[in-house]
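As the structure lists them, so they are numbered: ligands from 1, and atoms in each ligand from 1. Given the structure is predicted, the values throughout are model-derived calculations rather than measurements. Sequential numbering from 1 along the given sequence is applied to the chain's residues.
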Amino acid sequence: MMFDIDKEMLPRDELEALQLKRLQNLCERLYANVPYYRQAFDECGVKPGDVRSLKDLARLPFTEKQHLRSGYPFGMFAVPRETIVRLHASSGTTGRATVVGYTKRDVHNWGELMARCLCAAGLGPADFIHNAYGYGLFTGGLGVHYGVEHLGATVIPMSGGSSKRQVQLMRDFGATGITCTPSYAMYLHEVGMDEGIDIRDLPLRVGVFGAEPWTEEMRQEIETKLGIDALNIYGLSEVMGPGVAQECLEAKCGMHIFEDHFLPEIIDPATGRPLPPGETGELVITTLTKEGIPLLRYRTRDITTLDYTPCICGRTHVRMGRIIGRSDDMLIIRGVNVYPQQIEAILVQEEGIAPHYEIEVSRLENLDHMEVRVEITEGMFASDEVRVMLEYERRLQKAIKDFLNITVKVRLVQPRSLQRSEGKAQRVFDRRNES
Ligand code: AMP
Ligand code: ZN
């Protein structure tokens, strides 16, 4: 199924002509309205008028998360504040989150692109879609919500949490589609079984899952356990939110990036050089139509490949593979982005703690768990009782919860008990893909 055949099946030459026109317009807008870009263009020695073909993209400056942070909160906006109708912010960051703003047209386009995604997944106006992505500053909930309405289907705005109730309402309302993280889908299956509700027996047919990395094996497991088709969706708040790319039901093989709105590249993360089609590297996205906070060559830090071979579904838009890693050390814990340095920043504020810590992430009953092991100093080890230690652990747990809004287990360990390394310390152990 296709939401917009004309655009989704646009012949490649026409698509590229459209991209070039939009890229030229984007460069003009950025140069005129965003100080960061004016300076970056000048430093690269290019003017918007120099962009004559898509190949010229490689001469243009990148945008990185730090540029959004340093412009906090609205420094990268390209339109007057009165034309912004909505704000979102990236999850789990420090006081300097990345804030994104949408104009009316941005919100409209987002709804349309999300509708394309749902449609590509086999959902249509007759469907009931249970949306368990979090509502709020995170883009997942509202992004999907407007997409369902744009499609003309029925949205059930559940948000996250209250898992028992989620499964009961899935049964009572007869949802035919579900949107959430893949790990939460697995968790809902288990909660359902405990409640005597086997999701396989419900009308649920399709799941659109994203916001965290997952694997083909996990797809198989979800499809079998829930009795549905499980499809991958990709997006990030800086670029828009969910709906940047979506797998089609026909091929289930890579996510079509909506290239009339987003211009993708793959670069070598170390050198910044564009890589030839088919190679694995960091995904870079230029937003071609966004007004509120348009971005030129945004470095997503997500590692993947692009596949330009034709797809059996008929869409002409390129397909991106699963995200196989990050070119930075960001972790995604239950959908929240977490950088190890954020944890470190909290730990160093505490007295009695040595600057040695380890973070271990594992998956228990399909949910992410994070344990932070911290060495205490000799002085503290000599003097303190168990009760004090427990109190200390609780205080650190609370500090992390307050700061990052994730629940972690903090464990204080004896001085010198954590492994030391001679080179780059390995502090993060992600064991989620080990069974
Ligand atoms: P946020 O800005 O909070 O929406 O987080 C965006 C990040 O989530 C992306 O840069 C990816 O690292 C990750 N992400 C989103 N969708 C997927 C997906 N389908 N597979 C793997 N990672 C994803
Ligand atoms: Zn396809």
Do any nitrogen or oxygen atoms of [X] lie less than 3.5 angstrom from nitrogen or oxygen atoms of ligand 1?
X      : result
Asn232 : yes
Glu212 : yes
Gly210 : no
Asn337 : yes
Ala211 : yes

Donor-acceptor under 3.5 Å (Asp127 side chain, Gly124 main chain): yes

Pair His145 and Tyr135, ring centroids less than 6.0 Å apart: yes

Output a table of donor-acceptor pairs, distance under 3.5 Å, between side-chain atoms of residues 167-174 and any protein atom two or more places apart or on a different chain; print 'none' if there are none.
none

Distance-only side-chain donor-acceptor flag, Gln246 / Tyr234, under 3.5 Å: no

Polar contact flag, side-chain donor to acceptor under 3.5 angstrom, Glu212-Ser183: yes

Sidechain N-carboxylate O distance under 4.0 Å for Glu371, Lys409: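 Salt bridge absent between Glu371 and Lys409.
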
For [X], take its heavy atoms, then give the atoms of ligand 1 lying under 4.0 Å from any of them.
X      : answer
Tyr234 : 16 (N), 17 (C)
Ile323 : 20 (N), 21 (C), 22 (N)
Ile332 : 8 (O), 12 (O), 13 (C)

Sub-4.0 Å heavy-atom approach of Gly235 to ligand 1: yes

Any Arg326 heavy atom less than 4.0 Å from ligand 1: yes

Parallel, tilted or perpendicular: ring planes of Phe41 versus Tyr37, cut at 30 and 60 degrees: perpendicular

Plane angle bin for Tyr102 and Trp110 - parallel if under 30°, tilted between 30 and 60°, otherwise perpendicular: parallel

Qualifying residues under side-chain hydrogen bond (donor to acceptor under 3.5 Å, both in side chains), relative to Arg334, sequence neighbours excluded: none

Phe209: partners by ring pair (Phe, Tyr, Trp, His ring centres under 6.0 Å), with sequence neighbours left out: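 Ring pair (Phe, Tyr, Trp, His ring centres under 6.0 Å) check on Phe209 returns Trp214.
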
Heavy atoms from other residues, nucleotides or ligands near OH of Tyr146 exceed 12 (cutoff 6.0 Å):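 Not more than 12 within 6.0 Å, no.
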
Protein N, O or S atoms lying under 2.8 Å from the Zn ion (ligand 2), listed by chain and number: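 Protein N, O or S atoms closer than 2.8 Å to the Zn ion (ligand 2): Cys248 SG, His256 NE2, Cys311 SG, Cys313 SG.
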
